[in-house]
Every structure is written in structure tokens, then in C-alpha cells.
Number of protein chains: 2
Amino acid sequence: MPRRHKFVKYFTNTPDMALSSKRIAESTVRRLSMYLRYLEGLDESGQKTASSDELAQLCGTTPAQVRKDLSFFGSFGKRGLGYPVHELSTRLRDIMGLSQAWQVVIVGAGKIGSALAEYRGFRQRGFKVVGVYDKNPDKIGRPWGEATVQNISDLASDVLTHRVDIAVLAIPADDAQDVVDLIVAAGVRAILSFAPTSLHVPPHIAVKTVNMAMELEGLSYALTNRGD
Amino acid sequence: MPRRHKFVKYFTNTPDMALSSKRIAESTVRRLSMYLRYLEGLDESGQKTASSDELAQLCGTTPAQVRKDLSFFGSFGKRGLGYPVHELSTRLRDIMGLSQAWQVVIVGAGKIGSALAEYRGFRQRGFKVVGVYDKNPDKIGRPWGEATVQNISDLASDVLTHRVDIAVLAIPADDAQDVVDLIVAAGVRAILSFAPTSLHVPPHIAVKTVNMAMELEGLSYALTNRGD
DNA sequence: GTGTGTGAACGACTTCACAGCC
DNA sequence: GGCTGTGAAGTCGTTCACACAC
């Protein structure tokens, strides 16, 4: 079977590189997200520049890694000085697509979904909950934050008539693939799943899975087989 | 700064390999966890054997990967037949350390923690919540599942007097490092953090971080720079 | 014939190390 | 002197391909 693509293309927008494209590794994108978090903190505290060394320290990586990651998108740094904090933040937000608002639906009106929606960074980063769905009749119609829980049977038609960029799946593993098929058919192109199962999607759909069970079991393994 | 170790040693317990040790990649351990999940499903449904092809299909990986992963721990499969479902499940549970009970404390009496504790697989896999802590006076003393929320200032002494294997951190990023230092000093050796920040720990401590913000931003990046 | 086990080949990410610029 | 940018080298995980066992 085809493996899910690990890379996406990044089209630069500097004049001299207008037609070039680069594959950026998923691990790099994750670090960019981290750099951005800390850069914004530095920016707020009034710091003007930051070296690759400082960023590496904050993010738990190496200076060489920081420089390599940032170099994929151009030369932001000044040799001998470091990177301009505010400018780099702005640039990273653009690169990550965080300058725009994304419309999110949450499927599964449980605690995970509300934990996510309540998280400050969620709205701050431009993610907006435009709908919450569940299949449990007891939950349908109830208030949920600023929204009202809707019937999951309305999900597909709602996605067809309203723009939905990202679907968050906070439902049992057994239900996950069915919902995925539904929303992919309706045009959703990105999915964040908390269901502890592997999801099968067409290659152009972006999927991230957060599997808490897997993380815990990873710790169990580490405790059991720790290098003494 | 030292990078966190990516590997742990696994000491085999077959007679002829008693003294050998192998480094198992983190990615392999994650897949073992997935194999186990599906093997238990197959076992319940009464299936006796499963081929690497079948497991790969279920888990979204490749047959070669499955065989390689399992071969690190010995030869379980029968050539021409596949792997014995029940036996392999048992073996994987042992390897992952899931045959024993782990004592878990949850720091931060919010929704993420309760979502985790409510999750069926949590207890089923032998993870037992032995304490819930918060620093918010409004929450301290309130019932929380079968437990009562305790004052976070009691955490360190409780960890010293009771066995705690794993600490789950469901607290704001700004508080995370302080709590980590506290519990590591008190002897906790494994941490699952939901705080969107990088944690600094001594090399012998196992840490997994689940960063939902990072996952969402990864989707934002993919949507923005999708390969057309 | 069917499917495992595994060394070898491959590819991808990380680290090194140094030229180049401030 | 200090720090970035980057080809080259290194490391590690994945895929291949085939001998071998049932």
C-alpha cells in the first residue's frame, strides 16, 4: 500500500527563487513551530535578536539544526549577530500559514475536544471552531462553549456548504475510519485525530494522529528496558 | 547540550541471547504498541495466525517493516504461515512492560487529565491513577473520578513515600519545568507532558511530550504549502 | 508455494566543519 | 571575534531481495 507522504512542498516567494521548490521534512516543520513559540516570547520581552545557540537551548535542539532549518526558507540571520526576533516571527507565521484563520470542526463532544478548544493558543493561532458534532442523542443540542452540539449525521452536508479546513476527531477508534471517509468525501483536507487507530486516506489529505496510549506504552517500555 | 537519548536497551531473555542487548528505535516501539492493539483485536475475534502482510495493512506500514520490528526480539513467526496471534500478543505485552501495573500521578486537574484517565485503554493496559494534583485552591479537595484533588505542594513528599512510576503533566507551559524538576528530584523516572514547551531532564529520565499546538500548526503548514 | 528472517542497499535526517560576512 | 549559511560526512531508520523453513 502507498505510504503517506512525509513531505510537502514549500514554494518560496523570494524573487530569485520564485520557481524553486523544496521538500521540508515533517520534523523540521515541528521545530519551526517551536522556534515560533519561543521567538514570540522573546519578542514580547523586548529582545531584538537571538542566535542559533540561544534558540537551540530554548527548544532543546542544536545550533546547527536551527541554522539548517531556517536556511531552507532564506537567509534571515546576520552573521556575527544572530536572527532578528520580530522579523523572523512574522516570517515563520507566514511560512506556517498562521497569518490566516482556519475553520475547524470538532467531531466528538467529549473532554479532549473541549480541552483543545479551551487552549489559549488555539484561538490565538487563528484556529476557529465552527462546529461541534456528536452521535450521542443526549449530547446533541446541548451548549458546548459558544457553540451547540450538532448531530453527526449533519456533518457531511455542513462541510459541503460551509468551508471547513480542519476536522478534529475525538471519537472512539471504531468510529474513526467511517467519519474520515465521510469528511474526506465532503472536501476536508486536514485531520487531527485522537483516535488510537491508523487512518487510511487519499495521499493529498494531511493527517496527524495523537495517540496517547502509544505514548504511555512508550514510557512503559522505557521503564521496563531502561539502559542501566 | 546533551540530546535526550533516543534509544533504550532491550535485554533479551532467550537463553542463547541472554547477554546480548539491542538498541530499539523509538519508532519501532511505537509500532510495537500498534501491532499489539490489532493483535488483541484479532485474538478476540478468534484468529489464530496473522502474516506480516496482514499486520502491515492494519497498521499502515509495510510487511518488511513488521518483520524487521518483530525480529529484534526473536523469531516468533512460522515461515509459510505467519505469526501466532495470541502468543505474539503475550510476548509483546511482556516486552512493552504492560504485564505489570504502573502507578501514575496526574498533575493538573483539568480536562486533558480526565480525558486520559477515562480512556478505557488506560486502566486496561495497567496504568493506575494513584493521585491527582493541582495548585488551584478551588480545585483542591474536590472529587475527581475516584480520587480527590490534592495540593500540588504535597506532590514531592507523596512521591517520596509512595511509589510513582509515571507523572502526567497537564499544566501550563510556564509551570512545567518547575514541576519536572520537583518530581525528578523526588524519583519519578517517566513523564508524559501535555505542556507545549521543551522540558530539560537528566538523561536517565524518559519523557514524551504531546504537543497539540504543534500538530495543528503542522496541519496549517500542510494546508498552506500543499503539493499541488 | 507461501511467508519469515536478515544482510545489504538505500534514503533521509542530523551533525560537522569551515568559508564568508558582519 | 562572533555567528550565519551550507556542502560534505555521518548516522540511523527503512526498503529490498533472497535464502531458508514450513
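In what follows, every chain begins at residue 1, and chains take the letters A, B, ... in the order their sequences are listed.
Between the CZ atom of A:Arg30 and the C1' atom of C:dC13 there is a distance of 15 Å, given to the nearest Å. For B:Arg67 and D:dT14, the CZ to C1' distance is 13 Å, given to the nearest whole Å. B:Leu70 places its CG atom 13 Å from the P atom of D:dT14, with the value rounded to the nearest Å. The separation between B:Leu55 atom CG and C:dT4 atom P is 9 Å, rounded to whole Å. Taking atom CZ of residue A:Phe72 and atom P of nucleotide D:dG7, one finds them 11 Å apart after rounding to whole Å. For A:Arg79 and D:dT4, the CZ to C1' distance is 5 Å, given to the nearest whole Å. Protein atom CD of A:Glu26 is 16 Å distant from nucleotide atom P of D:dG13, rounded to whole Å. When the C1' atom of C:dT6 is taken as reference, atom CZ of B:Phe73 falls 16 Å away, rounded to whole Å.
Side-chain contact between B:Met96 and A:Thr224: absent, with no pair of heavy atoms (C-beta onward) separated by less than 4.5 Å. Within the 4.5 Å cutoff, side-chain heavy atoms of B:Leu36 are placed close to those of B:Leu98. Side-chain contact between B:Val168 and B:Phe194 is present, with at least one heavy-atom pair separated by less than 4.5 Å.
Look at A:Gln65 and you'll find a side-chain N or O under 4.0 angstrom from OP1 or OP2 of C:dT15. Between B:Thr62 and D:dT15 there is a side-chain N or O to OP1 or OP2 distance below 4.0 Å. Between B:Ser52 and C:dG3 there is no side-chain polar atom (N or O) within less than 4.0 angstrom of OP1 or OP2. For the OP1/OP2 pair of C:dC22 and a distance below 4.0 Å, the side-chain nitrogens and oxygens of A:Tyr83 include no atom meeting the criterion. An OP1 or OP2 oxygen of C:dC13 is reached within less than 4.0 angstrom by no side-chain nitrogen or oxygen of A:Ser27.
Minimum interatomic distance between B:Ser89 and B:Leu39 (heavy atoms only, all atoms of both residues): OG-CB, 3.4 Å.
Toward the 5' end of DNA chain D, the nearer of the two residues A:Lys78 and B:Asp69, judged by each one's closest nucleotide, is A:Lys78. In this structure, B:Gly77 and B:Gly80 both approach DNA chain C, and ranking their closest nucleotides by distance from the 5' end singles out B:Gly80.
Taking every side-chain heavy atom of A:Arg31 into account, C:dT14 is the closest of D:dG5, C:dT14, C:dG5. Listed nucleotides D:dG13, D:dT6, C:dC22 differ in distance to A:Leu81; the shortest reach to its side chain belongs to C:dC22. Nearest nucleotide to the side chain of B:Ala64, out of D:dC16, D:dT14, D:dT4: D:dC16.
Judged purely by distance below 3.5 Å, without hydrogens or angles, the side chains of A:Gln177 and A:Asp181 pair a donor atom with an acceptor atom.
Judged by atom type and distance alone, B:Lys68 reaches the base of C:dG7 through a side-chain donor-acceptor pair under 3.5 Å.
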